[in-house]
Amino acid sequence: MIHLSIQSHNNPFITNIPNFHKHIKTQSLKTTITCSHKNNPRRNFIEKQQPTFMVETETDIHHHQFVVKDKKKKKKEDEKEKIVFYEKEKKKKGLQIGTKQMLILCGFGYWLQGFRCFPWLGLNFHMASNLNLHPSMLQLVQYSANLPMVAKPLYGILSDVIYVGGAHRIPYIITGVLLQIFAWNRLAFVPAAREVLTGLVGTVLLSNLGASITEVAKDALVAEYGKKHKIEGLQSYAFMALAAGGIFGNLIGGYFLQKMPPRIMFVIFSALLSLQLAISFSTREDSLGIPQPSCENLATKSVSENIRQQVSDLIVAISDKSIFHPLLWIVGSITMVPMLTGSIFCYQTQCLNLDPMIIGWSRVIGQMMLLSGTVLYNRYWKKFPMRKMIGAVQILYASSLLLDLILVRQINLKFGIPNEVFALCFSGVAEILAQFKILPFAVLFATLCPKGCEGSLTSFLASALCLSSIASGFLGVGLASLLGITSGILTQFVAALIPLVWISSVPMSQPDSEKQRRKSMSRRARRNRRVGKVVISSINAYRREREWESQR
């Protein structure tokens with residue numbers, strides 16, 4: 001009905017095409033219904049778009065706030081990175097400056113310590129030729145002069161505890177250098193100090209007192225600097241500087257003895273000590289990067305309390321088996337071998353009439369061997385097991401002692417080797433091997449040294465080695481007077497092999513903190529493995545329980 005009415009109303013002439021008309025009307029009707037469904041498209045668009053517009057505005061605000069915060073964070077991070085970068089650059093520059101100062105101060109100091117053979121060579125010839133001392137008396141003077149070095153632990157404790165002007169290493173270096181300058185100038189310019197034996201011994205004792213104080217401060221400074229900047233093996237570089245100074249001192253020592261009196265050699269060495277004094281005064285200890293004590297620590301405890309605390313820390317450090325056993329071995333291996341250096345020196349100069357140039361050059365060759373051995377140790381040999389290397393060095397040392405027997409018995413002449421050539425090539429081998437044997441132990445103790453105990457422990461090691469050498473020298477004097485040189489050399493050879501019996505006291509390798517870390521990590525891994533097994537088993541049990549419940 002609706003369809004017909006609409007049809008007659010719109011077009012009364014069209015009556016014969018109802019299907020076509022019906023098709024058209026249905027389409028228009030659908031269109032009308034569709035339009036009526038969208039009653040007001042503009043209104044609907046606004047109603048629909050308005051909440052969307054509001055949501056976009058809020059997100060924009062939040063996004064803007066987030067961007068602002070992100071920019072602020074980035075600015076802060078950039079500022080922090082810049083500050084960290086500038087601090088690193090400052091540290092690098094400070095480290096470079098500190099490294100240069102350290103090289104100049106300690107490098108020249110160790111070189112001059114090795115160069116002490118230069119005035120001592122003149123002093124030995126002065127005592128043997130001018131004063132005509134007996135070989136036993138000459139050796140007693142040589143080893144008695146080392147008595148101030150026995151007190152090195154005291155100097156080390158004082159340098160660890162007592163600060164002078166905010167520093168506790170360089171002031172002691174300056175003090176020791178001043179004592180040496182006074183002693184060698186007295187030997188050079190005061191005739192009574194050279195001609196009277198008691199005055200000579202007193203002056204030499206004063207010189208060695210200053211040298212021992214300086215050596216303690218340098219050793220502690222090197223150990224502390226290496227631990228602070230995580231640099232291992234600095235002691236090998238110190239040995240290189242020592243060997244270089246010994247090479248130069250022995251090289252020119254024989255020439256100077258031929259051309260001028262020994263007192264000129266004392267003056268030259270005193271001038272070099274003055275240069276070391278100037279370098280020490282121009283170096284600031286805080287520029288080396290070594291930690292300084294806080295005012296609270298200095299104010300809370302008195303000097304006596306600090307000394308007692310340092311002594312107790314030293315006793316605790318020495319009581320550790322990793323330090324005590326190697327220390328006992330190296331001290332025993334030196335003490336039980338009687339030294340015949342004074343007797344051999346007098347035999348070469350008075351019996352064989354060897355030229356001072358030959359003796360000086362023989363020591364040059366020995367120092368070159370020490371320098372080469374130190375370089376090889378620093379590059380390759382320190383990777384070898386320490387116990388095996390020390391055992392091999394000890395066997396070589398015992399064998400090299402027999403070279404003096406060949407010279408004394410004139411066996412070299414039977415093979416057509418002159419005394420000068422043999423002494424030049426082989427007379428200093430045993431002494432150099434004895435010095436080289438100390439290097440691995442110096443690196444070992446510097447690595448094991450507790451923080452704050454560098455001066456005490458290194459000085460205790462030096463004191464123990466010095467005391468053992470003094471005991472060895474006194475034992476050699478008695479042995480030479482009782483048995484003679486030939487029997488004494490054979491006794492030396494046998495005594496040098498005895499320390500191999502307890503070579504197990506020497507550790508197999510240098511200590512490595514990573515091994516303990518690996519042990520703890522392996523324990524932690526085993527524990528985590530056990531925990532993981534428990535967790536996995538509990539998970540599997542839980543899964544089986546859930547599957548069983550689902551099947552029910």
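All of these numbers come straight from a predicted model, not from anything done at the bench. Residue indices begin at 1 and follow the sequence shown. All values below were derived from every heavy atom in this structure, side-chain atoms included, with hydrogens, water molecules and symmetry-related copies excluded.
Between Asp313 atom CG and Ile157 atom CD1 the span is 10.0 Å, to the nearest 0.5 Å. Here Phe422 contributes atom CZ and Ser362 contributes atom OG; the two are 12.0 Å apart, rounded to the nearest 0.5 Å. Atom-to-atom distance recorded for Asn130:CG and Leu133:CG is 10.0 Å, nearest 0.5 angstrom. The structure places OG1 of Thr214 at 5.0 Å from CD of Gln180, a figure rounded to the nearest 0.5 Å. Taking CZ from Phe266 and CZ from Phe189, the interatomic distance works out to 11.5 Å, rounded to the nearest 0.5 Å. Note that OG of Ser159 is 12.0 Å distant from NZ of Lys152, once rounded to the nearest 0.5 Å.
Remark: Tyr377 pairs with no residue by the ring pair (Phe, Tyr, Trp, His ring centres under 6.0 Å) rule, at least two apart or across chains. The side chain to side chain contact (heavy atoms under 4.5 Å, CB included) check on Leu376 picks up Tyr380, Trp381, with sequence neighbours excluded. Under the ring pair (Phe, Tyr, Trp, His ring centres under 6.0 Å) criterion, Phe445 pairs with no residue, sequence neighbours left out. The side chain to side chain contact (heavy atoms under 4.5 Å, CB included) check on Ile181 picks up Val177, Asn185, Ser270, Leu273, Ser274, Leu277, with sequence neighbours excluded. Under the side chain to side chain contact (heavy atoms under 4.5 Å, CB included) criterion, Met368 pairs with Ile247, Val364, not counting sequence neighbours. When the ring pair (Phe, Tyr, Trp, His ring centres under 6.0 Å) test is applied to Tyr347, no partner is found at least two apart in sequence or on another chain. Checked against salt bridge (Lys or Arg N to Asp or Glu O under 4.0 Å), Arg284 has the following partners two or more places apart in sequence or in another chain: Asp286. Partners of Tyr143 by ring pair (Phe, Tyr, Trp, His ring centres under 6.0 Å), not counting sequence neighbours: none found. Looking at residues two or more places apart in sequence or on another chain, you find no salt bridge (Lys or Arg N to Asp or Glu O under 4.0 Å) involving Asp219. Listed by chain and residue number, Ile344, Leu354, Ile359, Leu407, Ser427 satisfy the side chain to side chain contact (heavy atoms under 4.5 Å, CB included) test with Gln348 (two or more places apart in sequence, or in another chain).
Under a cut-off of 6.0 angstrom, the local environment of CZ in Arg263 is sparse, with at most 12 non-hydrogen atoms contributed by other residues, nucleotides or ligands. More than 12 heavy-atom neighbours from other residues, nucleotides or ligands sit within 6.0 angstrom of CH2 on Trp120. Crowding of Met137 atom CE: a count of heavy atoms from other residues, nucleotides or ligands under 6.0 Å not exceeding 12.
What you find for Gly366 and Ile432 is that their closest heavy atoms are O-CG1, 3.1 Å. Of all the heavy atoms in Ala217 and Ile173, the pair that sits closest is CB-CG1, 3.4 Å. Residue Ala243 comes nearest to Gln367 through the heavy atom pair CA-OE1, 3.4 Å, listed as atom of the first residue, atom of the second, then distance. Across every non-hydrogen atom of Ser207 and Arg116, the tightest pair is OG-NH2, 4.3 Å. The two residues Tyr155 and Ser212 come nearest to each other via the heavy atoms CE1-OG, 3.3 Å. Nearest heavy atoms, Pro499 versus Ala495: CD-O, 3.2 Å.
Taking 4.5 Å as the limit, every side-chain heavy atom of Trp502 sits out of range of all side-chain heavy atoms of Val506. At least one side-chain heavy atom of Met336 sits under 4.5 Å from a side-chain heavy atom of Ile498. You'll find the side chain of Ser505 stays beyond 4.5 Å of the side chain of Leu328, heavy atoms only. Taking the side chain as every heavy atom from C-beta outward, Leu251 and Trp361 approach each other to under 4.5 Å. When side chains are defined from C-beta on, Phe118 does not count as touching Leu272, because their heavy atoms never get closer than 4.5 Å. Using a 4.5 Å heavy-atom cutoff, the side chains of Leu490 and Val494 are not in contact. Contact check for Thr374 versus Leu242: no side-chain heavy atoms found under the 4.5 Å cut-off. Annotation: side chain of Ile213 is in contact with side chain of Leu179 (closest heavy-atom distance under 4.5 Å).
At a threshold of 4.0 Å, the pair Asp404-Arg409 does not count as salt-bridged, since none of the basic side-chain nitrogens sits closer than that to a carboxylate oxygen.
Counting only residues at least two apart or on different chains, the side-chain hydrogen bond (donor to acceptor under 3.5 Å, both in side chains) pairs with a member in residues 320-333 are Asp320-Ser322, Ser333-Lys437.
A donor-acceptor distance shorter than 3.5 angstrom exists from the side chain of Arg194 to the backbone of Leu187, with no hydrogens or angles considered. Without hydrogens or angle criteria, Gln276 side chain to Phe108 main chain gives no donor-acceptor distance under 3.5 Å. The closest donor-acceptor contact from the side chain of Asn208 to the backbone of Ala145 lies under 3.5 Å. Looking only at distances, a side-chain donor or acceptor of Ser459 sits under 3.5 Å from a matching main-chain atom of Ser456. Side chain of Asn378 to backbone of Ser236: no donor-acceptor contact under 3.5 angstrom is found. Formation of a donor-acceptor pair under 3.5 Å by the Gln113 side chain with backbone atoms of Glu215 is not found in this model.
Aromatic rings from Phe125 and Phe345 are positioned such that their centres are separated by under 6.0 Å.
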Kindly determine whether Leu424 and Glu420 satisfy side chain to side chain contact (heavy atoms under 4.5 Å, CB included), including the steps that lead there.
CA-CA 6 Å; Leu424 180 66; Glu420 291 80 7; over 6 Å; no

Trace of the side chain to side chain contact (heavy atoms under 4.5 Å, CB included) decision for Thr341 with Gln142
CA-CA 9 Å; Thr341 53; Gln142 287 176 340; 4.0 Å; yes

Side chain to side chain contact (heavy atoms under 4.5 Å, CB included) between Leu105 and Leu221, worked out
CA-CA 10 Å; Leu105 177 67; Leu221 189 62; 3.8 Å; yes

Check step by step if side chain to side chain contact (heavy atoms under 4.5 Å, CB included) holds for Leu131 and Leu200.
CA-CA 11 Å; Leu131 300 181; Leu200 187 143; 4.1 Å; yes

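Residue Ile489 is tested with Leu403, Leu340, Ile406, Leu483 for a side-chain contact (heavy atoms from CB on, under 4.5 Å); the sole match is Leu340.
Aromatic ring pairs are classed by plane angle as parallel below 30°, tilted from 30° to 60° and perpendicular above 60°; the pair Phe115 and Phe269 is parallel.
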In residues 463-480, what donor-acceptor pairs under 3.5 Å come from side-chain atoms, sequence neighbours left out?
{"unit_1": "Ser463", "atom_1": "OG", "unit_2": "Val150", "atom_2": "O", "d": "2.3"}
{"unit_1": "Ser468", "atom_1": "OG", "unit_2": "Ala464", "atom_2": "O", "d": "3.1"}
{"unit_1": "Ser468", "atom_1": "OG", "unit_2": "Leu465", "atom_2": "O", "d": "2.6"}
{"unit_1": "Ser469", "atom_1": "OG", "unit_2": "Leu465", "atom_2": "O", "d": "3.4"}
{"unit_1": "Ser469", "atom_1": "OG", "unit_2": "Cys466", "atom_2": "O", "d": "2.7"}
{"unit_1": "Ser472", "atom_1": "OG", "unit_2": "Val337", "atom_2": "O", "d": "2.2"}
{"unit_1": "Ser472", "atom_1": "OG", "unit_2": "Met339", "atom_2": "N", "d": "3.3"}

